[in-house]
Chemist: 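Here's a structure for you.
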Amino acid sequence: MKKRLLPEIFITAAFILLCAAWPGEARAAWRAVGDVQSVERRPDGVVLTLTSGARAAVTFHDLEVIRVRLAPRGAFGRDFSYAVEPKDRKTVAAKISETRDEISLSSLDGTTVVIRRRPFLITVRDPRGRTIVEDDPARPHAFDPETGEVEATKLRPEWETYYGFGEKAMPMSRHTQHLVMWNTDTYGYPRGLDPIYQSIGFFIALRHHGDLPRAEPYPRGHAYGLFFDNTHRTHFDMGKTAPHRYTFGAQGGELNYYVFTGGRERTPRRVLQDYTELTGRTPLPPLWALGNQQSRWSYFPEARVREVARGFRETRTPADVIYLDIDYMDGYRVFTWDKTRFPDPPKLIGDLRRDGFRTVVIIDPGIKVDMNYHVYREGQAGGHFVKDEKGAEFHGTVWPGTCAFPDFTSAAAREWFASYYRRHLEEGVAGFWNDMNEPGIFLSETTPKPDIYHHPMKTFPLDARHAGDGEPGTHARYHNVYGMQMARATFEGLRKLRPDERPFVLTRAGYAGIQRFSAVWTGDNVASWDHLRLSIPMLANLGVSGVPFVGSDVGGFSGNPSPELYARWLQAAALTPFLRSHSEAGSNPHEPYSFGPRFTDINRASIELRYRLLPYLYSVFREHTQTGAPVMRPLWFEYPADDRTYLNEDQYLVGRDLLVAPVVTEGVTKRKVYFPRGDAWVDWWTGKRYEGGTEAEVEAPLDRLPLFARAGAAIPTQPVVQHTGEMVGLPLTLVVVRGADGVSSFYEDSGEGYEHRRGGARTTEVTQRGNGLDIARRGDYRGRRVGALELLGVGAAPPRVLMGGDIALAHERFEPASGRLVVPLPVDAPVSFTIVP
Ligand code: GLC
């Protein structure tokens with residue numbers, strides 16, 4: 001038995017807490033998996049029996065995706081995963097060769113896994129024989145036969161950075177961090193607190209090769225990805241304990257992980273494409289869900305809801321959605337209404353709808369234990385609730401008092417729960433917000449609490465029982481998927497109840513793959529400048545974890561933002577995928593028009609900017625469905641060859657063409673902006689050009705969000721509307737960013753339903769080459785016409801735009817302050833233009 005020492009003294013405070021709360025620090029029992037004893041060949045790889053009795057399967061999941069499965073006790077469980085999207089997949093053939101010391105597997109394109117026999121160690125190589133990632137020979141895969149814990153350790157080259165890991169209140173790169181996956185309700189979480197609400201054990205590693213010779217065609221920024229698919233409490237030590245290695249492990253289950261090599265490109269984009277091929281992508285949301293959303297805990301009674309809606313329309317502040325938090329219900333019983341506060345929900349919802357507002361209501365998992373409450377009675381009769389270790393219905397306390405909890409890991413319970421959405425849909429509710437689904441429960445008065453705020457046991461007992469979709473198990477095993485399966489119940493239920501509508505679901509907790517079912521918001525953040533700053537790396541990292549539809553409570557959930565903080569936050573969030581203001585009970589008003597007239601104007605402008613750019617934003621969501629690329633992107637995602645982007649965390653890209661550099665510091669009206677190397681950038685407001693690879697100080701007065709467009713791009717915009725219902729038929733304005741050749745495309749469909757899957761869609765491709773500008777269309781959908789071109793970045797002497805080769809256009813207008821030449825187009829405008837300098 002191989003003994004392993006306790007990790008070095010550099011154990012973090014978090015880790016100490018972890019050990020205190022999680023008994024079983026018996027590391028003395030850890031065993032290495034040992035040597036390869038026998039090899040069984042399979043079409044896609046090998047199954048190895050190891051001297052410890054453990055078995056390992058090393059296979060190609062795809063040409064450039066390697067899967068490693070390790071069963072410590074030698075028997076593989078059913079091959080089932082909540083993360084992996086169920087669909088037909090081809091088996092990838094592996095070429096297998098063996099020598100005395102090694103077994104090697106190659107896929108068709110030359111990606112190779114070399115397995116050393118003594119001891120069992122894995123190295124993944126690219127088609128040119130370069131190492132992508134390799135095990136640390138000093139720490140082979142290991143397990144603890146007493147506790148069931150498993151662990152793997154890889155070598156970490158100096159300067160390798162790590163991104164993803166879902167939702168973490170941490171800086172952009174997670175190198176030298178210790179991270180835990182255990183969904184936790186963490187009200188007012190401070191920077192660095194870990195874990196919080198989501199568990200996504202996927203990361204992208206990025207490494208720069210500044211030393212490569214110039215002639216070397218190999219990319220300078222190398223990426224690969226790794227996804228550890230294990231629903232137990234897991235941990236990742238990304239070079240914290242020792243900088244030259246990283247370790248990941250779980251408190252139970254198999255070591256089951258995927259390595260994404262990134263193919264020939266070795267780009268983050270390619271890694272994320274393969275990861276989302278495995279775990280799924282977010283389908284196109286309904287267009288209205290991309291609009292501005294307003295929430296609060298809680299707007300009630302109905303007169304207050306109407307007043308808030310009126311406030312938006314009267315101040316001409318665009319908005320599409322209004323939220324009802326827990327106080328709409330009768331004693332917090334989900335799927336009921338408080339009839340005093342909301343005497344006629346269909347009437348209210350209908351009136352709001354006519355005014356362009358959709359209504360979203362919160363639905364929590366806790367079902368009040370009350371025999372007079374039909375949902376509880378029916379849930380109990382159907383046996384749909386989570387059981388305790390003795391098999392009795394488990395009860396815990398949340399808002400309604402004593403509650404039972406649907407077991408969302410049972411298909412029958414999911415269907416049963418989802419059936420209650422029918423009533424709300426009939427009343428006109430448009431979307432659903434699933435909260436408290438880590439699951440979070442309140443601690444009882446008698447729970448012994450150490451003097452820390454976020455008690456690790458603020459959830460079900462670890463021995464509570466779940467159905468596990470045919471694989472019954474404890475809460476320790478299924479805790480991390482509870483929230484995801486609740487969101488799934490909601491999403492699948494809505495799909496069934498309203499097959500022609502796109503569901504909108506918002507969730508707080510999730511597991512890898514949550515993007516298939518829901519948008520995610522970052523929970524109970526704080527009205528502080530630091531939380532505003534933190535929101536950028538948090539959201540950007542969620543995006544590269546496969547979850548594109550993300551946002552933070554604008555203004556901060558807990559506490560009261562100053563008018564300046566709220567205004568800066570709204571600017572920073574205006575182009576984030578999910579835009580919602582939300583705040584806790586008892587806080588000051590957080591509506592964008594509630595900070596005084598000057599700020600009403602500033603805030604309106606931020607929201608107007610979003611609405612102008614909605615056609616672009618929608619296209620970026622569509623791009624995600626095709627490639628898995630996030631909507632909100634960290635700079636390194638598009639510019640992995642530029643290492644100055646690697647730690648940038650106060651800027652972000654929206655799609656490929658917009659660069660946002662919000663002000664996240666109090667009292668500041670200028671800021672430095674880094675322009676990534678490889679493209680030139682044009683100031684959205686002034687038309688000024690900035691070269692890639694440079695840094696510049698830009699003006700950022702309180703009423704301006706620093707925003708830049710990529711030279712060579714063409715960005716579809718529209719006139720300001722008060723809500724998405726007003727978009728129909730409005731002509732588009734195409735912002736043509738001058739200064740480089742380029743091809744961009746944008747996407748249109750009806751913004752709702754599924755006709756787009758049957759041909760009801762159109763893609764418009766815009767090509768700038770020299771002085772030529774061409775617009776080409778593909779698809780049958782009758783989209784909106786381009787009513788005007790806006791040439792951005794044309795300098796002081798504006799060019800002329802000719803239709804086709806020669807016909808001059810009338811009514812051109814040059815706006816020197818914004819560096820824009822505005823060219824209205826006739827209804828029958830052609831598709832080719834010449835720009836004469
Ligand atoms: C939780 C949610 C918050 C919500 C509150 C009341 O704290 O995170 O958004 O307003 O519960 O439902």
Side-chain angles (χ1 to χ4, degrees), residues 167 169 183-190 193 195-198 293-300 304-305 308 321-338 341-342 359-368 396-401 403 405 429 431-443 453-455 458-459 482-483 486-487 490 504-510 514 518-527 531 534-535 538-539 542 550-561 569 573 578-591:
E167 182 191 55
N183 293 354
T184 309
D185 172 5
T186 45
Y187 168 83
Y189 53 91
L193 184 81
I196 56 171
Y197 309 95
Q198 297 260 337
Q293 318 203 10
Q294 185 65 37
S295 183
R296 178 177 177 81
W297 173 15
S298 308
Y299 291 128
F300 73 87
R304 176 67 187 135
V305 180
V308 172
V321 190
I322 200 150
Y323 280 67
L324 300 181
D325 202 336
I326 49 176
D327 298 289
Y328 75 88
M329 294 179 267
D330 170 17
Y332 307 122
R333 290 169 184 83
V334 289
F335 305 113
T336 69
W337 290 92
D338 180 321
R341 292 168 176 170
F342 294 91
T359 304
V360 171
V361 301
I362 195 168
I363 298 288
D364 286 349
I367 308 290
K368 187 178 176 70
T397 308
V398 208
W399 309 117
C403 289
F405 299 85
V429 176
F432 297 93
W433 167 25
N434 290 160
D435 185 27
M436 300 298 285
N437 52 358
E438 291 68 33
I441 58 174
F442 301 161
L443 294 173
Y453 200 80
H454 302 292
H455 198 290
K458 229 168 60 175
T459 190
Y482 188 82
M486 181 186 191
T490 306
F504 172 71
V505 183
L506 176 65
T507 183
R508 195 169 69 177
I514 182 63
S518 186
V520 167
W521 99 104
T522 59
D524 296 343
N525 62 356
V526 178
H531 254 273
L534 191 56
S535 68
M538 282 185 79
L539 296 175
L542 266 162
V550 291
S552 296
D553 287 350
V554 171
F557 174 73
S558 138
N560 294 307
W569 203 316
F578 174 65
L579 174 62
R580 184 183 76 152
S581 290
H582 179 56
S583 53
E584 78 177 319
S587 61
N588 296 341
H590 276 48
E591 297 76 44

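Note that the coordinates shown come from a computational prediction; the quantities given were computed from them, not determined experimentally. One-based numbering, in listed order, for ligands and for the atoms of each.
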Chemist: With rounding to the nearest 0.5 angstrom, report the CH2 to CD distance, W521 to Q293.
Modeler: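 W521 CH2 to Q293 CD: 12.5 Å, rounded to 0.5 Å.
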Chemist: Check whether any side-chain N or O of S518 sits under 3.5 Å from a backbone N or O of V505 as a donor-acceptor pair, and report yes or no.
Modeler: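 Such a contact is found between S518 side chain and V505 backbone.
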Chemist: Can you sort out the partners of A509 under side-chain contact (heavy atoms from CB on, under 4.5 Å), two or more places apart, ordered by chain and number?
Modeler: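 By the side-chain contact (heavy atoms from CB on, under 4.5 Å) rule, A509 matches N183, N437, E438.
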Chemist: Are there any N/O pairs under 3.5 Å between ligand 1 and the protein, and if so, what are their distances?
Modeler:
unit_1	atom_1	unit_2	atom_2	d
ligand 1	7 (O)	D524	OD1	3.4
ligand 1	7 (O)	D524	OD2	2.8
ligand 1	8 (O)	R508	NH1	2.7
ligand 1	8 (O)	D524	OD1	2.5
ligand 1	8 (O)	D524	OD2	3.4
ligand 1	9 (O)	H582	NE2	3.0
ligand 1	10 (O)	D325	OD2	2.5
ligand 1	10 (O)	H582	NE2	2.8
ligand 1	11 (O)	D435	OD2	3.0
ligand 1	12 (O)	D325	OD1	2.6

Chemist: Side-chain donor-acceptor pair under 3.5 Å between N434 and T490, yes or no?
Modeler: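 Short answer, yes.
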Chemist: Side-chain donor-acceptor pair under 3.5 Å between D330 and T336, yes or no?
Modeler: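 Side-chain D/A pair, D330 to T336: absent.
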Chemist: Examine distances only and state if a side-chain atom of D524 and a backbone atom of G188 form a donor-acceptor pair shorter than 3.5 Å.
Modeler: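 No: the side chain of D524 does not pair with the backbone of G188.
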